[in-house]
Amino acid sequence: MIDDLTETVPARASRNVRTMTPKRLLMCPPSHFDVNYSINPWMVPEKPTSRDLAVAQWEQLRDLYVGLGHTVEVIAPEQGLPDMVFAANGATVVDGRVLGARFRHRERTAEGPAYLRWFEENGFDSVHWPEYINEGEGDYLLAGRTILAGSGFRTDRRSHAEAQDFFGLPVVSLTLVNPRHYHLDTALSVLSDDEIMYYPEAFSDSSRRVLETLFPDAVRASAEDAAVFGLNAFSDGRHVLLPQSAVGLMAQLRERGFEPIGVDLTELLKAGGSVKCCTLELRTA
Ligand code: ARG
């Protein structure tokens, strides 16, 4: 009996040992940040914003990544593109292959070629200019070798087939139904190859059933945590960086052996973005 006990304790503990994978990330400083148009319900142009505060908060996020051992590359921000800080929307990169972004709103269209140029100039030779509208990692998230793909507000559903063809990986189409969660990365976050956290209410009934089938063990976010953008998170397999007011999610993550790190990006939230939106993963392996 005693033998049995000594066997179970380490086995149970080992499931909670989390290891981080160092990542290569692309970010864009909010040097031209502003909210002077509204393309999602978070954006209220009448509300004052502070560019200095946005820059300071963004720098904190960048320094956190570097401190944790990640590599951060920086793309030059362009005047007249206040949303360019949301690098996640700039492309989707898997196995070194780059699917460019094609934005739905004309206010952001110039970001597509701007990001694509960065890839061409930085040694990525498999770069694809997309046929259909897609907003990069805003709507494409990689879980293991499966691509989870959002549509409903921004990315055209026809882009999901284009992504599957380009990457040669299975794409699971998910439909978003809540305008406050207009991108997939505002409603779902990948924690490890086979674990996610998400807010079920942001998805159509059939997409919820798909997520339950694929990830029966997922962390489900409360309405409160989803409302403070808690799902707009970045995970390296051990550390999970997320908006600091998502206290419920932090407790759930801690319970699963992750190390949640709260980040203050309230200024960028005025444009409807946070941790994940500011972060594009360069998967070069
Ligand atoms: N204002 C931007 C937009 O509405 C925010 C983009 C946030 N990015 C993201 N990956 N969810 O397009």
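All heavy atoms count here, side chains included; hydrogens, waters and symmetry mates do not. One-based numbering, in listed order, for ligands and for the atoms of each.
Under the side chain to side chain contact (heavy atoms under 4.5 Å, CB included) criterion, Val247 pairs with no residue at all, not counting sequence neighbours. Applying the side chain to side chain contact (heavy atoms under 4.5 Å, CB included) test to Ser207 and every residue at least two apart in sequence or in another chain returns Leu174, Thr175, Phe203, Ser204. Looking at residues two or more places apart in sequence or on another chain, you find a side chain to side chain contact (heavy atoms under 4.5 Å, CB included) between His70 and Met20, Lys23, Leu25, Tyr65, Leu68, Phe234, Asp236.
The aromatic rings of His181 and Phe229 lie parallel to each other, their planes meeting at an angle below 30°, with 60° marking the opposite boundary.
Ion pairing between Glu162 and Arg102 fails under the 4.0 Å rule for side-chain N and carboxylate O.
Aromatic pair Phe153/Tyr182: ring centres not closer than 6.0 Å.
Listed as neighbours of ligand 1 are Ile39, Asn40, Met43, Asp83, Phe86, Ala88, Asn89, Arg108, Gly138, Arg154, Tyr182, His183, Asp185, Thr186, Ala271, Gly272, Cys277, each bearing a heavy atom under 4.0 Å from the ligand.
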